[in-house]
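Note sheet for the following structure.
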Amino acid sequence: MDNQIRRIGILTSGGDEPGMNSAIRAAVRTCCLHNVIPVGIYRGYNGLIYSDVKELTSDSVAGLNSKGGTMLYTARSQEFMTEEGQNRAVTTCRYLGIDGLIAIGGDGTFRGARALCAKGINTVCVPATIDNDIACTSYSIGSDTAANTAIDIIDKLSDTMQSHERCSVVEVMGRHAGYLALYVGMSTGATSILLPEHAFDFETDVVERIRKGKYHGKHHFLIIVAEGVGKTSEIAQRIESEMGIETRVSIIGHVQRGGSPSARDRSMGTRMGHRAVEELIAGNSNLVICYREYKITTVPIEEALQMKKTLDPYMLQVANDTYM
Ligand code: F6P
């Protein structure tokens, strides 16, 4: 048997992210260019378990760049976490003649890909998560659009907070990571940004910063709380009761995962989807496509899973220094 790649399966797994469609589109078009048949696998790893698949064509991905979500649907497959589920997925790949697989998603998706590689299925991952918490890459598809969506909402919120001279406590998604909250907080000129990576002191990081704003003539305040901090309502209650400022809570939630992808997410999705196919065709596997030092590159999946992302404390300092 030769090692030529004839059919490449493409799936999206975990949370949907704006820009996933660009990665799918690029992967499909790159397959077509190399006379490889692209196979869409629906609903994440469940699609492999249940043979929920369809051959794709260049035409089937036309106009996809501007669409949010994922045309392949997605799932967090519990069944795939079992040995039996993984074996069924491998059987599907063998039966359908899928020689290579592209798994688009976050670290849960990478763990699934690692299991498939260990069972002999050539797999390459594309990082996609609004949390941007994957250590091996400085950028994961989705987080730019999510930040822009949150910023747009907060700008609107600021108008009404300003009119009522209130404090707004806004929860930004990110699971256990504070990247999105920090990026959004810096871009909206937040009074205070509270992140899971940095222990905070209510007096210093909230009260004093509101007082500083007041001293400089501010009448409305914005506190950004990362989802991973988990104390959004409590913080709002304390501001109202201890400082006597009328305060409202807004949890932005899943709207951050929707919408037409930004230029950055479309271009990153395109570059990473293209590279994933090129790697498989070149005979490489067990990799995560990464963006590092302005270049698209690769890291072995195992290495990617061992790495831990830290948040640049300087970014928080810059956000704080430039508030007032
Ligand atoms: O990982 C992306 C993310 O949106 C996180 O920010 C959030 O904690 C989680 O997914 C929400 O997951 P679900 O869509 O299952 O509610």
Side-chain angles (χ1 to χ4, degrees), residues 11-24 42-47 68-81 103-113 125-154 169-188 193-198 224-233 249-262 264-265 268-269 272 288 290-291 304-305 307-311:
L11 63 82
T12 49
S13 166
D16 63 335
E17 319 293 340
M20 276 181 159
N21 276 330
S22 293
I24 296 167
Y42 292 81
R43 300 169 182 84
Y45 290 113
N46 280 337
T70 159
M71 69 160 281
L72 295 174
Y73 303 94
T74 188
R76 303 187 203 276
S77 173
Q78 294 301 318
E79 217 174 328
F80 188 74
M81 289 180 190
I104 307 168
D107 53 4
T109 307
F110 298 179
R111 278 189 282 277
C125 300
V126 170
T129 167
I130 63 165
D131 306 340
N132 203 19
D133 59 349
I134 298 170
C136 65
T137 179
S138 63
Y139 192 73
S140 293
I141 298 166
S143 69
D144 187 60
T145 308
N148 286 322
T149 300
I151 289 166
D152 186 43
I153 289 167
I154 291 167
V169 179
V170 180
E171 185 178 296
V172 171
M173 264 191 176
R175 206 183 288 272
H176 307 299
Y179 175 85
L180 190 59
L182 178 51
Y183 198 47
V184 167
M186 178 187 273
S187 310
T188 49
I193 307 167
L194 306 179
L195 308 168
E197 292 87 348
H198 295 268
I224 299 289
V225 184
E227 179 188 9
V229 169
K231 290 180 181 163
T232 313
S233 300
V249 171
S250 299
I251 296 175
I252 308 182
H254 288 80
V255 70
Q256 288 159 111
R257 291 229 303 260
S260 182
S262 66
R264 187 164 199 213
D265 283 325
M268 279 294 175
M272 289 183 172
V288 177
C290 303
Y291 184 64
L305 287 169
M307 292 166 84
K308 196 142 178 55
K309 195 157 192 160
T310 51
L311 209 56

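Numbering of ligands and ligand atoms starts at 1, following listing order. Start at 1 with the first residue, then count along the sequence. Below, each value reflects all heavy atoms present in this structure, side chains not excepted, and no hydrogens, waters or symmetry copies.
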**Message:** Out of the candidates Thr129, Asp131, Ile130, Leu180, only one should pair with Arg175 under the side chain to side chain contact (heavy atoms under 4.5 Å, CB included) rule; please name it.
**Reply:** Asp131
Any protein N/O atoms within less than 3.5 Å of an N/O atom in ligand 1? List the atom names and distances, or say none.
from, atom 1, to, atom 2, distance (Å)
ligand 1, 1 (O), Asp131, OD2, 2.8
ligand 1, 4 (O), Arg257, NH1, 2.8
ligand 1, 6 (O), Asp131, OD1, 2.7
ligand 1, 6 (O), Gly174, N, 3.1
ligand 1, 6 (O), Arg175, N, 3.4
ligand 1, 8 (O), Glu227, OE1, 2.9
ligand 1, 8 (O), Glu227, OE2, 2.9
ligand 1, 10 (O), Arg175, NH2, 3.4
ligand 1, 10 (O), Arg257, NH1, 3.1
ligand 1, 12 (O), Arg76, NH2, 2.9
ligand 1, 14 (O), Arg76, NH2, 3.4
ligand 1, 14 (O), His254, NE2, 3.2
ligand 1, 14 (O), Arg257, NH1, 2.9
ligand 1, 14 (O), Arg257, NH2, 2.9
ligand 1, 15 (O), Arg76, NE, 3.3
ligand 1, 15 (O), Arg76, NH2, 3.0
ligand 1, 16 (O), His254, NE2, 2.8

**Message:** Could you tell me if Asp265 and Tyr139 have a donor-acceptor pair between their side chains, going purely by distance under 3.5 Å?
**Reply:** yes
**Asked** For Gly258 and Thr145, which heavy atoms make the closest approach, and how far apart are they?
**Response** O-CG2, 4.2 Å
**Request:** State, without any angle test, whether Ser262 and Asp144 hold a side-chain donor-acceptor pair at a distance under 3.5 Å.
**Result:** yes
**Request:** Determine the minimum heavy-atom distance between Ile193 and Met186, stating which atoms define it.
**Result:** CD1-N, 3.7 Å
**Message:** Assess whether a salt bridge exists between Lys309 and Asp133, defined as any Lys/Arg side-chain N lying under 4.0 Å from an Asp/Glu carboxylate O.
**Reply:** no
